[in-house]
Peer 1: 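Starting off with a structure, shown below.
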Amino acid sequence: MSDLRPSLTYTEAELVQGLKARDEKVFSYVYDHYSPALYGVALKVVNDENTAVDVLQEIFLKIWRGIERYDVDKGRLFTWMLNIARNTAIDTLRSRAHKLGQKMQEIGNGHQQQEQLIVQQSVDHLGLSKVLDQLNKEQRTIIDLAYYRGCTQEEIAKLLDMPLGTVKTRMRNAIIQLRNILKQV
Amino acid sequence: MDVQRYISSGIIESYVVGLVSEREAREVENAIAEFPEIRAAVEACRQDMELYVELSAVKPPKAIRTRILDAIENETQPEGEQLLPEELRRPDAAGEEEEKVFKMPALNINAAQTWLYVAIGALLLLLVSVICNFYYAGQYKTYLQKSTELLASEETLTQQTKVYQARQQALEKELSLLKDPALKWTRLSGSGKHTGQLAAIAWNTQSKEVYLLALSLPEPAADQQYQLWAVVNGKPVDAGVFEMGQQQHALQKMKEISAAQVFIITLEKKGGNTSPALDQVFLAGKANS
């Protein structure tokens, strides 16, 4: 996993500087080191290789174009890139679900809600890591629904059939459990 | 603010996974700025999430690397620009909560198809336009020809009208002359080999005007003309030459004559003579006065 982080070749500050200077060498370095993680996010969100490839391209163009807006005070470069990846992928999924929903609505009302549920439920079929088997199903689902699906608190409460007020504490518990597992790796 | 309680409330984890509302996110960001413990907690949680995300890392297909690097290289060109989503100009973090509609790269294929349809449509329109051009050009030629024909026929009609007007005026004048009681009519007839030849003279003895009507005279040779004479006491006075042909049946105005006992018509050379060729007297008549 550590090879996904910037290697000793460049410090994070140097990467940011290189990207801001429109250095294509730095960009290809960033691509080589971060694309697997970002592609993984895209793939988990859209659950389709062809779409994920398009999303990945959009992610990197946003990184290249948007580097001027990266604020070092708000977080690390990787955090910033993950946010771009996540938002881009979720927006793609939403616009797709929206289009699909519109089509469904043309056929008959009431199908949109069903369609949304199908998209959200498909999270269960995403690839699982052995390590993550130690998270219980609810913990993994609550993290994935929030992070990869961009679900709201209300949606998670409804989908996982839990009181709205407990979503945040369940989320905290899930991440603490995640932390404990990751410490063992 | 109870920092520990805040940290253990779950708001930080919810913030990191993007579960909180825009308002809550601003609250957390204010807390991060204010409390280093909270900042550290957020950062720790982020690192956990990032490790979790890296567990799902997948090496993307090799081809996409070239595609993206090409797009970067050509970003200043229109093709590169086209690959970019419209809202790229917005800071990504700020747009987190906003509803965004992305133009997916896959749409470029649709865009190309759209352009293809547009091009086909444009070509069809052009074709229709060309056909219409030929059709209307043909019609234009036809109408132009018709218009020219109509203009010509109108010209002819105008001229004919003028001819008729002139003729009518002449006729009206003749009619008025004929009705004039001051006119004295003299009938000139031929004798011998000129028997049957006729002319009529209308003489206004007050105004001295003389009109001639060549009723029946043979057409003279091209170099000859008939001439009218008024004879007073055996002395002929020239009353002018007159036309034959079309003018034969019209009243022709002759020279004014103040006195005449006899009118004679002789055949002279074209333009007339100062004295009549007496062997060429065709018609004669005693003047009524």
Side-chain angles (χ1 to χ4, degrees), chain A residues 1 4 24 27-28 31 35-37 39-41 43-44 49-58 60-62 64-66 69 71 74-75 78-80 82-84 86-88 91-92 95 127 129 131-132 143 146-147 150-153 156 167-172 174-175 178-179 182 185, chain B residues 7-14 16-21 29 32-33 42-61 63-65 67-69 71-73 75 80 83-85 87-96 99-107:
Chain A
M1 301 303 152
L4 296 172
E24 282 169 27
F27 180 82
S28 61
Y31 180 86
S35 62
Y39 184 60
V41 171
L43 210 51
K44 277 206 99 175
E49 250 182 70
N50 289 329
T51 313
V53 160
D54 288 339
V55 169
L56 186 68
Q57 172 159 330
E58 204 171 312
F60 273 100
L61 287 171
K62 282 181 177 177
W64 182 246
R65 277 292 174 100
R69 286 174 211 109
D71 183 358
K74 281 204 170 178
F78 185 51
T79 308
W80 180 70
L82 277 180
N83 274 337
I84 291 177
R86 186 174 158 263
N87 291 334
T88 305
D91 283 336
T92 302
S95 82
S129 164
V131 181
L132 292 177
I143 294 171
Y147 192 81
C151 285
T152 64
Q153 228 169 289
I156 288 173
V167 174
K168 276 181 191 152
T169 41
R170 299 269 184 109
M171 178 66 78
R172 175 169 161 79
I175 289 179
L178 174 69
R179 178 174 301 162
L182 289 170
V185 180
Chain B
I7 289 171
S8 59
S9 73
I11 182 84
I12 286 166
E13 287 78 9
S14 290
V16 168
V17 296
L19 193 67
V20 296
S21 68
E29 276 153 22
I32 289 169
V42 167
E43 193 50 41
C45 182
R46 267 184 189 157
Q47 294 208 15
D48 290 335
M49 269 312 291
E50 284 165 16
L51 277 172
Y52 174 67
V53 166
E54 282 181 7
L55 288 175
S56 313
V58 182
K59 224 173 149 67
I64 185 66
R65 186 182 192 273
R67 206 169 100 186
I68 290 172
L69 291 179
I72 297 302
E73 234 172 287
E75 68 162 350
L83 291 170
L84 292 169
E87 86 303 334
L88 254 190
R89 288 156 192 89
R90 247 164 43 193
D92 202 75
E96 195 167 343
E99 187 60 39
K100 287 181 267 182
V101 181
F102 284 155
K103 196 175 157 191
M104 287 187 291
L107 282 178

Peer 1: Here's a test for you: under side chain to side chain contact (heavy atoms under 4.5 Å, CB included), which of A/L61, A/V55, A/D54, A/V53 qualifies with A/Q57?
Peer 2: A/L61
Peer 1: Where does A/L56 contact chain B at under 4.5 Å (heavy atoms): side chain, backbone, both or neither?
Peer 2: both
Peer 1: Over 60° means perpendicular and under 30° means parallel, so classify the ring planes of A/F27 and A/W64, tilted if in between.
Peer 2: perpendicular
Peer 1: Sequence neighbours left out, what passes side-chain hydrogen bond (donor to acceptor under 3.5 Å, both in side chains) with A/E49? Give chain and number order.
Peer 2: none
Peer 1: Measuring heavy-atom distances to chain A, does B/A44 have an atom under 4.5 Å in its side chain, in its backbone, in both, or in neither?
Peer 2: both
Peer 1: Give, as side chain, backbone, both or neither, the part of A/T152 having an atom under 4.5 angstrom from any heavy atom of chain B.
Peer 2: backbone
Peer 1: Of all of B/V16, B/I32, B/I7, which one pairs up most often with chain A through heavy atoms under 4.5 Å apart?
Peer 2: B/I7
Peer 1: So do the side chains of A/R172 and B/S9 get within less than 4.5 Å of each other, counting heavy atoms only?
Peer 2: no
Peer 1: Under 4.5 Å, counting heavy-atom pairs only, tell me which of A/T79, A/T169, A/V167 racks up the most with chain B.
Peer 2: A/T79
Peer 1: As an exercise: rank B/I12, B/V17, B/L69 by heavy-atom pairs under 4.5 Å with chain A and give me the winner.
Peer 2: B/V17
Peer 1: Can you find a heavy atom in the side chain of A/L82 that is under 4.5 Å from one in the side chain of A/F78?
Peer 2: yes
